[in-house]
Amino acid sequence: MHPYRTHTSGELRKSHVGDVVRLSGWVFRRRDHGHFLFIDLRDHYGITQIVFHPERPFFDQATHLRYESVITITGKVIAREPTTVNPNMPTGEIEVVVDELTVQSMAEPLPILVDGKEESPEDLRLKYRFLDLRRDKLHKNIVLRQQVISSLRRRMTESGFMEFQTPILTSSSPEGARDYLVPSRIHPGRFYALPQAPQQFKQLLMVAGFDRYFQIAPCFRDEDARADRSPGEFYQLDIEMSFVTQDDVFAAVEDVIGGLFQEFAKKKVDVTPFVRITYADSMLKYGNDKPDLRIPIEIRDVSQLFAASEFQAFKSAVAGGGVVRAIPVKGVADKPRSFFDKLVEFAQGIGSKGLAYLVWTPETVKGPLAKFLKPEQLEELKTQCGVGIGDAIFFVCDKKDAAAKLAGLIRVKIAKDLDLVEPDTFRFCWIVDFPMYEWDEENKCIAFSHNPFSMPQGGMEALMTKNPLEINAFQYDLVCNGVELSSGAIRNHIPEIMYKAFEVAGYGPEVVDRKFGGMINAFKLGAPPHGGIAPGVDRMVMLLADESNIREVIAFPMNQKAQDLMMNAPGEVSEKQLRELHIHIDPKVLAAQSLG
RNA sequence: GGAGUGGUAGCUCAAUUGGUUAGAGUACUAGCCUGUCACGCUAGGGGUUGCGGGUUCAAGUCCCGUCCAUUCCGCCA
C-alpha cells in the first residue's frame, strides 16, 4: 500500500464500500462525541468524514489533533446509515473507520481561520498566505487562474501562435512607467531593468519572421497599487502578429478572449464581434475611455443649447470655450430632495463647480435651471436626451476634458446608487482611434498620448500636414464592464515615419537611435507591417472569479506598499553584496533606518 | 505626495451621554457527551483598547500628534 494514500479525499463513493483505503490530508473539522470522534479530512480534491472509535490505542491522540494538522489514516470504507447520509457533500454517503493513524505534522494554534467565511486582516492573510490559500474561495480562485492560463495557451496555439520567452534582465526604456532596476556587478554604475512589457522583443520577433507571437508574459512596473493593479509584477497575454490590419487583431482576440469568457464566465457574455466605440465618442457619451456598458445612461453635449439660453453661468462658460454635458436619468422625478442634494454634494466633492438639474413632473419642469430656459428649449433638451415625464437631466459645465470626466463619474455614481448596473453580464467593447498625441500641460509641449510605436492614421502625410493633436493612431483598448483589459496597436514599422513621429513630440533622430536603436535598426533591414495587443491575465481572472480585488486571484501578491510580508521583501542585503554591485546606501537613509 | 475609512483577546465583533472589575462568539487548555457534519454542554487561561501626549474627579469613548492597513487621487508609454 502507498505510504500516504490510495485515494484522495474527494473520490470515495458508495462503490468503494468494503475497501481498505489510506487517506492523507488536513484536519478540517472535528466533532468529538466522547465515545467516538468524527474528523473531516480535507485535501485539494475534497473532504471525507473519518470516524475514530475509543477502543483504538490512538483514540486519545486523535482527540487532541489540532485544526490543520496533517495526518495519514488507514481504514475501511463503510456505508453510512440512511439517516446519517450528508447529501451536501459528494462523499456524504460513506465514511472511513480508522484502523491506523499517523500524525505527519501537528499544527500549532492558527493565526487565521481556514474554515468559515470571515475575513482576517489582509496583512495577516498575506503573512500567512499558505494558510489563506487553503481557504476554499482563494483555493478555487487560484485553480481558476490556472485553468484560464491553460485555456489561453491552448486557444493561442490552436490559432497558430507560437509561444516565446523573452529576457527578464533587459534595459531601461525611457517612456512609460518607472522601471525596476537591477545593478550590474560586471559593469559598475550600470543597470539592467526588468521589462515593463516585452514590447520591443515581440516586435523584433516579427521582424525575425516568426509571424505570430504570444507569451504569458510577466511585466514589471514600479508604480503605486490600486484594487485592480498589483504592485511589482503582473501578467499579460502578450500577442503580436505580422501582416495584419486592426480588424485582423480584433478578430483574433475576439476568438480567444470571447471564447475564454464563454468557457469560464458564470454570467452572460456579449457575442462577438464586440462593439467598437471611438475614443472621442467614449469620452463624450461615458466620460472616460473605459466605459461600463452595463450602465444604461448616455451623456449628451448640450453646449449649443445653453449658448443660446439666458442662463449666464453656462452661456458665458460656453462662450469661453467650455462645454455643457447632460446626464439623463430615467424615473427619478419622485426621488426626495435629499437624493438631488447628495448628488450635488458628490459633484462638488469631485471638483465640479456645481450640479444643475431639471426634473420632468406631470405638471411642470422643476429644478434650479427651469426658469432660465424657454419652453421650446426645454422641449429640445427632452428630445435630445430622450427623457420624458418622470425623468431628470443633470448638467455639468466645465472645460471639455474636465466636464467629460465629471459627467462620467456622476454617471457611474448615479447608476450605482440607483442600482442601474445590469447584473450578471460581461459587456465588452473596443475603444478605437485614440489620439496619437496630447498636450502635456506640465511641460507645455506635445507628448505621445499612448504608445510611441503606434502607427499614426494617415501615416507620413498626416504627420506632415495635420495638427498633431488631431492625428489619431491605430491604437485600441479592449474594455469589459468598465475595466481596461487590454491595450494594443498597429505598430509603426517605417523608420522615416518613426523619426518624424518622434520629431513631432520634440525628440531628434539621435534620441530615437540611442533609446530604440535595436528596433529602429531592425526596421531598416526589412520589417513586416505588424500589430498586437496584450490582455491582462490577472484582470481577466479577476472578472471571471467575480473578485473586486486583484490580490484575490494572485497566489503570492505584495501589499499596497509593494512588500511581500511572507518573504520579507524587499529585504536588506549584506555589505559584501553591496560592494560587489558598487552600491553605497545614502548615510541619511541608514540613519533613518536605525532610528526606525 | 494628498484625501476618505478603519485599528478593542490569536481571529470576528460588542461596550448607552465620558462612569462599576472592558464583554460575546470562535480558537486554545481541561472535562462531560454513542451518529455528528459550523455537533452540543461545563469550566479555565488569554487585554499596554495600535503608539505617544493632552483635557477631565474619571477616557476604549473627547482633542492633538504619530504608526499601520485599506480605498481613491497623483502615477500606471
Side-chain angles (χ1 to χ4, degrees), chain A residues 28-42 47-55 63-64 66-68 78 80-89 91-92 95 97 107-128 131-132 172-179 195-197 199-200 219-232 234 349-351 405 409 434 436-438 440 442 447-454 473 475 477 484 487-489 491 501-502 505 515-516 534 536 548-551 559-561 563 565 596:
Chain A
F28 185 49
R29 292 189 181 119
R30 205 178 52 194
R31 293 175 292 281
D32 184 350
H33 287 253
H35 287 83
F36 53 88
L37 164 72
F38 297 113
I39 283 177
D40 286 344
L41 192 69
R42 185 197 74 239
I47 295 170
T48 300
Q49 173 165 288
I50 60 177
V51 192
F52 294 80
H53 288 295
E55 58 273 18
T63 61
H64 288 88
R66 277 192 292 262
Y67 287 116
E68 294 303 311
I78 64 165
R80 297 201 202 177
E81 295 293 324
T83 53
T84 63
V85 163
N86 185 343
N88 299 320
M89 43 200 291
T91 61
E95 62 195 6
V97 181
E108 293 177 9
L110 303 169
I112 62 174
L113 296 179
V114 173
D115 191 10
K117 293 178 185 70
E118 58 189 34
E119 292 274 296
S120 302
E122 197 161 16
D123 48 343
L124 263 189
R125 292 179 57 203
L126 291 173
K127 182 171 178 185
Y128 298 99
L131 282 180
D132 204 24
S172 176
S173 66
E175 297 281 330
R178 217 173 280 119
D179 284 314
Q196 297 183 20
Q199 182 65 36
Q200 294 188 59
C219 303
F220 304 90
R221 295 178 193 174
D222 185 4
E223 296 295 341
D224 289 337
R226 287 289 182 276
D228 64 352
R229 203 167 79 206
S230 188
F234 61 96
I350 56 174
K405 189 180 161 193
L409 290 170
F434 276 83
M436 183 82 186
Y437 301 101
E438 64 189 9
D440 181 343
E442 198 181 330
F448 289 109
S449 73
H450 259 71
N451 189 322
F453 307 136
S454 300
Q475 167 88 40
D477 280 1
E484 184 193 317
S487 204
R491 319 298 175 188
F502 274 85
K515 298 293 187 185
F516 307 106
S548 54
N549 192 305
I550 204 159
R551 290 186 293 272
N559 68 3
Q560 194 177 36
K561 289 199 173 157
Q563 295 167 303
L565 297 174

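The sequence lines fix the lettering, A, B, ..., with proteins before strands; numbering per chain opens at 1. Note that this is a predicted model, so its numbers are computed, not measured.
Straight-line distance from the NE2 atom of A:H64 to the C1' atom of B:A30: 8 Å, rounded to whole Å. Rounded to a whole Å, the CG atom of A:L409 is 18 Å from the P atom of B:G4. Counting to the nearest Å, the P atom of B:C76 and the CD atom of A:Q196 are 10 Å from each other. Rounding to whole angstrom units, CG of residue A:D32 and P of B:U42 are separated by 16 Å. Here B:C28 presents its C1' atom at 12 Å from CG of A:L113, a figure rounded to the nearest Å. Atom CZ in A:F38 sits roughly 5 Å away from atom C1' in B:U36 (whole-Å rounding). Here B:G40 presents its P atom at 12 Å from CZ of A:R30, a figure rounded to the nearest Å. For A:R31 and B:A38, the CZ to P distance is 7 Å, given to the nearest whole Å.
Within 4.0 Å (heavy atoms only), A:Y67 reaches sugar-phosphate atoms of the nucleic acid but no base atom. Counting non-hydrogen atoms under 4.0 angstrom, A:S120 reaches the backbone sugars and phosphates but no base. Contact annotation for A:R80: base contact, defined as any heavy-atom pair under 4.0 Å involving a base atom. A:L37 comes within 4.0 angstrom of nothing in the nucleic acid, heavy atoms only.
From A:L565, atom CG reaches atom CD of A:Q563 across 5.5 Å, with rounding to the nearest 0.5 Å. Once rounded to the nearest 0.5 Å, the distance linking CD of A:E95 with CD1 of A:I39 reads 13.0 Å. How far CD of A:Q49 is from OG1 of A:T91: 8.5 Å, rounded to the nearest 0.5 Å. Note that the CZ atom of A:F234 and the CG atom of A:D228 stand 11.0 Å from one another [nearest 0.5 Å]. With values rounded to the nearest 0.5 angstrom, A:N559 atom CG is found 6.5 Å from A:L126 atom CG. Here the NZ atom belonging to A:K127 is positioned 14.0 Å from the CG atom belonging to A:D132, to the nearest 0.5 angstrom.
B:C37 and B:G45 have their C1' atoms separated by 29 Å, with the value rounded to a whole Å. Taking atom C1' on both B:G7 and B:U61, the two are 14 Å apart, rounded to the nearest angstrom. Remark: the separation of the P atoms in B:A24 and B:A43 is 11 Å, to the nearest Å. Between the C1' atoms of B:A58 and B:C68, the separation comes to 30 Å (whole Å). Nucleotides B:C28 and B:G6 are separated by 32 Å at their P atoms, to the nearest Å.
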Kindly give the atom pairs (protein nitrogen or oxygen, nucleotide nitrogen or oxygen) under 3.5 Å for nucleotides 68-70 of chain B.
from, atom 1, to, atom 2, distance (Å)
B:A69, OP2, A:K561, NZ, 2.8
B:U70, OP1, A:Q560, N, 3.4
B:U70, O3', A:R551, NH2, 3.3

Scan nucleotides 1-3 of chain B against the protein and return all N/O pairs shorter than 3.5 Å with their distances rounded to 0.1 Å.
none

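A donor N or O paired with an acceptor N or O is found under 3.5 Å between the base of B:G35 and the side-chain atoms of A:E95. Side-chain to base pairing of A:R229 with B:C76: one donor and one acceptor N or O lie within less than 3.5 Å of each other. No donor-acceptor contact under 3.5 Å links the side chain of A:D222 to the base of B:C76. Side-chain N/O atoms of A:R125 and base N/O atoms of B:C11 include no donor-acceptor pair closer than 3.5 Å.
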> Run the side-chain contact (heavy atoms from CB on, under 4.5 Å) check on A:V97 and A:H53 step by step: do they pass?
Replying inline: CA-CA 8 Å; A:V97 181; A:H53 288 295; 3.6 Å; yes
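When base pairs are accepted only as Watson-Crick or G-U wobble with both N-N or N-O distances under 3.5 Å, RNA chain B takes part in stems of 3 or more pairs at B:1-7 with B:67-73, B:10-13 with B:23-26, B:28-32 with B:40-44, B:50-54 with B:62-66.
Looking only at side-chain heavy atoms (C-beta outward), A:D40 and A:R31 come within less than 4.5 Å of each other.
Remark: A:D224 does not engage A:R229 in a salt bridge, criterion side-chain N to carboxylate O under 4.0 Å.
If A:V85 and A:P109 are placed on RNA chain B by their nearest nucleotide, the residue sitting closer to the 5' end is A:P109.
Counting only heavy atoms from C-beta on, A:R66 has its side chain closest to B:C28 among B:C28, B:G74, B:C37.
Ring centroids of A:Y437 and A:F448 are separated by less than 6.0 Å, placing the two rings close together.
A cation-pi contact, defined as under 6.0 Å to the ring centre and within 45° of the axis, links A:R30 to A:Y67.
Both stacking criteria are satisfied for A:H33 over the base of B:C39: a centre-to-centre distance under 5.5 angstrom and an angle between ring planes under 30 degrees.
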